[in-house]
Asker: 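Let me begin by handing over the structure; questions about it come next.
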Amino acid sequence: MGQFITVGGGSSSTSTSGSIGEATFVYAPNFDRQIDINYLNCLLNTTGTITLPIYVDQPIPGTRETFTDAYNNIGSATVDKRSLNVGHTFIGIKRNGISRTFGFYPKTGIKPFTPSANGILIDDSRHSYDVSLSVTITAGQLSHIREYINKYTSSYNLNTNNCSDFALGLFKLMNFNLPDTTGYWPFGNGTNPGDLGEDIRTMPLTNGMSKDTKGGNAPSNTGTC
Amino acid sequence: MKILVFLVMLISILSGCKQKNISQNLNNFQIQEETGWISKNLRQSKDILEKAVPKSKNTFYLWKGFKNAKITYEDGKVINLKISYYGGFFYVVEYQRFFQIPEKNIIEWQELIGIKKI
C-alpha cells in the first residue's frame, strides 16, 4: 500500500505507518499562489536600484541540519514523519518600494526513489527566513530574470533541482556564484537550505552585497502598477 | 474487562470528536510575526477555523517552512498551530493532527493569516 506525504501545502493525502524512505511524497498546492509572467511587471515599469535577495528558511536556524519536524527534533530515527520540515530557499526582488518574492516547488508528486515532478513557481511573500543575502542587479538583468522564470520549465527534483538549486541557479545567471554544499537526508542528497544558510552566514561579502543574519519575514507584495 | 475496553473506546471517540471543531469556545487566535504574537479578528477566526477539516492521523506532509500560530480557549487552554505558507492546511501540535481549509475558503483564510497573493 502506498504512503503519501504532501509537500509544502495544499490538499492532503493519507498514509499507513512506515519509515521515511518507504513514503510516497505527494504534492497538491493551492494554485492561486502560482506566479505568472505579469508578477514582475511593476518592477519593470519603474526606475531605481534593483535589489535581489536570496532568502533561506533553515530547518534548524544556525545549523546545517537538512531536515527537522514540527517539534524541532532532528535525525531520521526521532523525527515526527507527519510533519517533516526541510526548509526553503526563495528569491525576492525589490525596486523603488515595489517588492516581489517567489520560490520553486514541486507541482504534483515526488518519492524518495523517484524524487522528480513538474515544477511550479509560487508567491513566497511573507515566508519567514533565517538568513538572506542581497545583491544589486541592472534593469537588463531584471528583464533577463522575467524571461528566465517565464520560460522555466525544469522539473523539480528533491536531489538535483530543488528550491535551493533554483535560487542558486538564478544567482549564477546574474553572475553571482554562491557556495553550494551538498547535504544528506534519507535516500538522497543535494543542495539544501540548512547548508546554504550556513554558507551565507560565513561567506565574505564582495562589493554591493549585504547580509541579514537576524532573519524575519520576507516582505509583502507591495506596489501596484 | 469489557466495560473497561468500552470506556477506553468511548473516551477515544469523545476526545476525537472534541478535536474536530477547534473553533469551539475560541477566545483568541494569534499568529507569530516579527513583532510578536498578533491577535486576529475573533469573529473572522471563528468563522474560518470552524470550517477546518481534521485529517487522518496518518496524513504525512513534508514542509517547506511554516508560520507559528496559537489558539487560546475561554478556559485558558492553549493549542499551537503550524500553518503552511500555502495557507491550505495547518498542523495542531498537541493533537498531532492536520486540519485542512476547504478550497472555497482558501482566499478568506490567506487574508486572515496575511499571505494573500496580490
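We name chains A, B, ... by the order of the sequence lines, and we start the count at 1 in each one.
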Asker: Give me the atom names and distance for the closest heavy-atom approach of Asn85(A) to Gly65(B).
Answerer: OD1-N, 3.0 Å
Asker: Asp57(A) versus chain B, heavy atoms under 4.5 Å apart: side chain, backbone, both or neither?
Answerer: side chain
Asker: Tabulate, in ascending numerical order, the residues of residues 67-76 of chain B having at least one heavy atom closer than 4.5 Å to a heavy atom of chain A, or enter 'none'.
Answerer: Lys67(B)
Asker: So, does Asn45(A) use its side chain to make a donor-acceptor pair with the main chain of Cys42(A) at under 3.5 Å?
Answerer: no
Asker: Do the ring centers of Tyr91(B) and Phe66(B) come within less than 6.0 Å of each other?
Answerer: no
Asker: Asn192(A) and Ser164(A): side-chain hydrogen bond (donor to acceptor under 3.5 Å, both in side chains), yes or no, with the steps?
Answerer: CA-CA 6 Å; Asn192(A) 65 93; Ser164(A) 301; over 6 Å; no
Asker: Below 4.5 Å from any heavy atom of chain B, which atoms of Tyr71(A) appear? Answer side chain, backbone, both or neither.
Answerer: side chain
Asker: Does the ring centre of His127(A) sit less than 6.0 Å away from the ring centre of Phe90(A)?
Answerer: yes
Asker: How would you list all residue pairs meeting salt bridge (charged side-chain N to carboxylate O under 4.0 Å, His left out) that involve residues 37-46 of chain B, not counting sequence neighbours?
Answerer: Arg43(B)-Asp47(B)
Asker: Do side-chain atoms of Thr101(A) reach the backbone of Asp124(A) as a donor and acceptor pair under 3.5 angstrom?
Answerer: no
Asker: Can you tell me which of Ser220(A), Cys163(A), Ser128(A) forms the most heavy-atom pairs within a distance under 4.5 Å of chain B?
Answerer: Ser128(A)
